[in-house]
Amino acid sequence: GGKVDSRFQEASEGFLDDDGAEDEGYDDFIDPDLLPKKPPDRGPCAGQSGKSGSTSPGKSGYTSSAYTSTGKEAAKNTAPEPPRADATQEKESSEPPPAPSDKNHRELTTIPVALNAKIAPTAILEDLREYLENETKACLQESKGNMVASIKGDQALHVPHSLKANIFVDVRMCAVKVQVYQQKVEGKKTIYLIEFQRCSGCTVMFNTSIFPKACQLFAKHKNYKLLDESLVESWRSREVVEANDDTASEYTDSCCCSADMLDPTLSMAADKERPDIQSQAACGVYDAMDPRPTTKCDDGQNEKCAKAVAEKLYEKTKDGVQENRAKIEALLDSTFEEVLYPTARALTRLTRFTEPENDAKEFWLKIETKIIETQKIMQGSSRLVTDALGIVLSKLFERVEKQGQ
């Protein structure tokens, strides 16, 4: 790697020195016992000659020509063993790549950490993955927090020590790639650089929520030491802001005081060629049905506004057609997570208003069928979407049972 940043060097001096008491448990950053070992020699394969691996065709019961042939024919019919990885190659693959030589390579969104000697570097992304999965579970199943993630993982990227995920804060998505690098300090010690890259999506959410929470994770985790104190201060200041923030969110500072304001939002929902526009439409419906109080509406008034939006979605034209339902179905026809997840969250809020006098029954009969179809399509590609749509159905059934329908 390149020259180490001076602020990383100063932050890690006491931590990387072998003499101080502060360094206990962090003297060696990679435990050799945790690295993969060369597999033991298994001897000749079944069907080949040799004392340790010889097999009798009569006793084994195999009748394939691979087991009854001899000499050159046997060698041709018997599948060769896969090449065994060299121990050095296995060790290199378990370690992150060296950091880029460019000093300013996404420095502002990179977290420098020192690793506990008992922990392998592969644990960095494992701990991050576990954190995102726990946040998703808490938000969907326990209604705690506002962050969920659809993790793609390094298998989809074919890049070691990397992770890609679609992370939602409330309903706005940010596609994030995380790459882990290693960097030598003083020629012998190793620090790890966890680089966060916003690939697409909401810049505000990435800078004010996603990256600060990642800093918080590694600052508080017992296996890591954060080497940049300015990152610690950034997430601490963010916690103070969130604790003193009485607004519903940055995007819902005023309620939808007129259901007619929903018309331009729903018109965007029908544009199937533009998933980015559809995503904005789904987020707009979600925000319009927010039951929480804002700076301009108390709890009761905001609930009335949400009910007016529901009636707008349920209403029929003079010909008896629910045009707005067709626009919601257009959102459910999408295969993009940034469209389907906010749509599912908006429909979950809509289940609060299922009174039959508002033509809700006909609306939900059609939407329920569409949800089931979308679940089948997305089952193999997005667990987050299928779980979110499943919550819509469960909430709907609960409401119907209470009403005795």
Would you say Arg352's side chain and Arg349's backbone share a donor-acceptor pair under 3.5 angstrom? yes
I'd like to know whether Phe206 forms a side-chain contact (heavy atoms from CB on, under 4.5 Å) with Thr109, so could you lay out the CA-CA distance, the side-chain angles of the two residues, the decisive distance to 0.1 Å, and finally the verdict. CA-CA 10 Å; Phe206 178 80; Thr109 56; 3.7 Å; yes
Below 4.0 angstrom, N of the basic side chain to O of the carboxylate: do Lys370 and Glu373 qualify? yes
Nearest atoms (heavy-atom pairs only) where Tyr286 meets Pro342: CB-O, 4.4 Å
Side chain proximity check, Ile210 to Met147, heavy atoms < 4.5 angstrom: yes
Using 0.5 Å steps for rounding, measure from the CG atom of Asn324 to the CG atom of Leu262. 7.0 Å
Closest heavy-atom pair and its distance - Gln375, Gly390: NE2-N, 3.3 Å
Would you say Thr369's side chain and Leu365's backbone share a donor-acceptor pair under 3.5 angstrom? yes
Heavy-atom closest pair (Thr351 atom, Trp364 atom, distance to 0.1 Å) is CG2-CH2, 3.7 Å
Cationic N near anionic O, under 4.0 Å, Lys222 to Asp127: no
Where do Glu126 and Arg129 land on the salt bridge (Lys or Arg N to Asp or Glu O under 4.0 Å) test, with the steps shown first? CA-CA 5 Å; Glu126 291 174 0; Arg129 180 188 294 269; over 6 Å; no
Measure the CZ-CG distance between Phe218 and Leu115 for me, rounded to the nearest 0.5 Å. 10.0 Å
In the structure I gave you, are the side-chain heavy atoms of Ile124 and Tyr224 within less than 4.5 Å of one another anywhere? yes
Please list, one pair per line, the donor and acceptor atoms closer than 3.5 Å that link side chains of residues 131-145 to other protein atoms, with sequence neighbours excluded.
{"unit_1": "Asn134", "atom_1": "ND2", "unit_2": "Glu130", "atom_2": "O", "d": "3.2"}
{"unit_1": "Thr136", "atom_1": "OG1", "unit_2": "Leu132", "atom_2": "O", "d": "2.9"}
{"unit_1": "Thr136", "atom_1": "OG1", "unit_2": "Ala149", "atom_2": "N", "d": "2.8"}

Rounded to the nearest 0.5 Å, what separation is found between the SG atom of Cys174 and the CD1 atom of Ile167? 7.0 Å
Is the shortest heavy-atom distance from the side chain of Lys184 to the side chain of Thr190 under 4.5 Å? yes
Could you tell me whether Lys316 atom NZ has more than 12 heavy atoms of other residues or ligands within 6.0 Å of it? yes
Crowded around Lys395 NZ? As in, over 12 foreign heavy atoms under 6.0 Å? no
Beyond-backbone contact of Asp359 with Glu315, side-chain heavy atoms, under 4.5 angstrom: no
Mind jotting down which residue pairs meet the side chain to side chain donor-acceptor pair (under 3.5 Å) criterion with at least one end in residues 273-282? Sequence neighbours excluded, please. Arg274-Asp276
Can you say whether the rings of Tyr314 and Phe363 are parallel (under 30°), tilted (30 to 60°) or perpendicular (over 60°)? perpendicular
Determine whether Ser150 and Lys152 make a side-chain contact, defined as any pair of heavy atoms from C-beta on separated by less than 4.5 Å. yes
Enter the distance from Gln179:CD to Leu163:CG here, rounded to the nearest 0.5 Å. 10.0 Å
So do Glu337 and Phe168 actually touch side chain to side chain, heavy atoms under 4.5 Å? yes
Taking all heavy atoms of Ala269 and all of Ala281, pick out the closest pair and write down the distance. N-CB, 3.7 Å
Close side-chain approach of Gln182 to Pro121, heavy-atom, < 4.5 Å: no
Lys312 NZ to Thr265 OG1 distance, which is reported to the nearest 0.5 Å: 11.0 Å
Let's go through Leu393 and Ile372 carefully: what are the C-alpha distance in whole Å and the side-chain angles of both, what is the deciding distance for side-chain contact (heavy atoms from CB on, under 4.5 Å) to 0.1 Å, and is it a yes or a no? CA-CA 9 Å; Leu393 296 177; Ile372 295 174; 4.2 Å; yes
Taking side chain as C-beta onward, heavy atoms only, is Leu266 less than 4.5 Å from Ile328? yes
Any donor-acceptor N/O pair, Asn116 side chain to Lys118 backbone, under 3.5 Å: yes
For Val204 and Thr208, work out which heavy atoms get closest and say how close. O-OG1, 2.6 Å
If you take all heavy atoms of Leu125 and Ser162, which pair is closest and at what distance? CD1-N, 3.3 Å
Would you call Glu329-Arg325 a salt bridge at under 4.0 Å N-O? yes
Just to verify, which of Leu340, Leu331, Val339 counts as forming a side chain to side chain contact (heavy atoms under 4.5 Å, CB included) with Pro275? Val339
Sidechain-backbone polar pair: Thr343 side chain, Leu332 backbone, donor-acceptor under 3.5 Å: no
Test side-chain contact (heavy atoms from CB on, under 4.5 Å) applied to Ile371 and Leu347, step by step: CA-CA 10 Å; Ile371 288 176; Leu347 289 173; 4.1 Å; yes
Apply the test side-chain contact (heavy atoms from CB on, under 4.5 Å) to residues Leu313 and Lys327: give CA-CA distance (whole Å), side-chain angles for both, the deciding distance (0.1 Å), then the verdict. CA-CA 9 Å; Leu313 293 173; Lys327 295 173 183 177; over 6 Å; no
To the nearest 0.5 Å, tell me how far Leu226 CG sits from Ile194 CD1. 8.5 Å
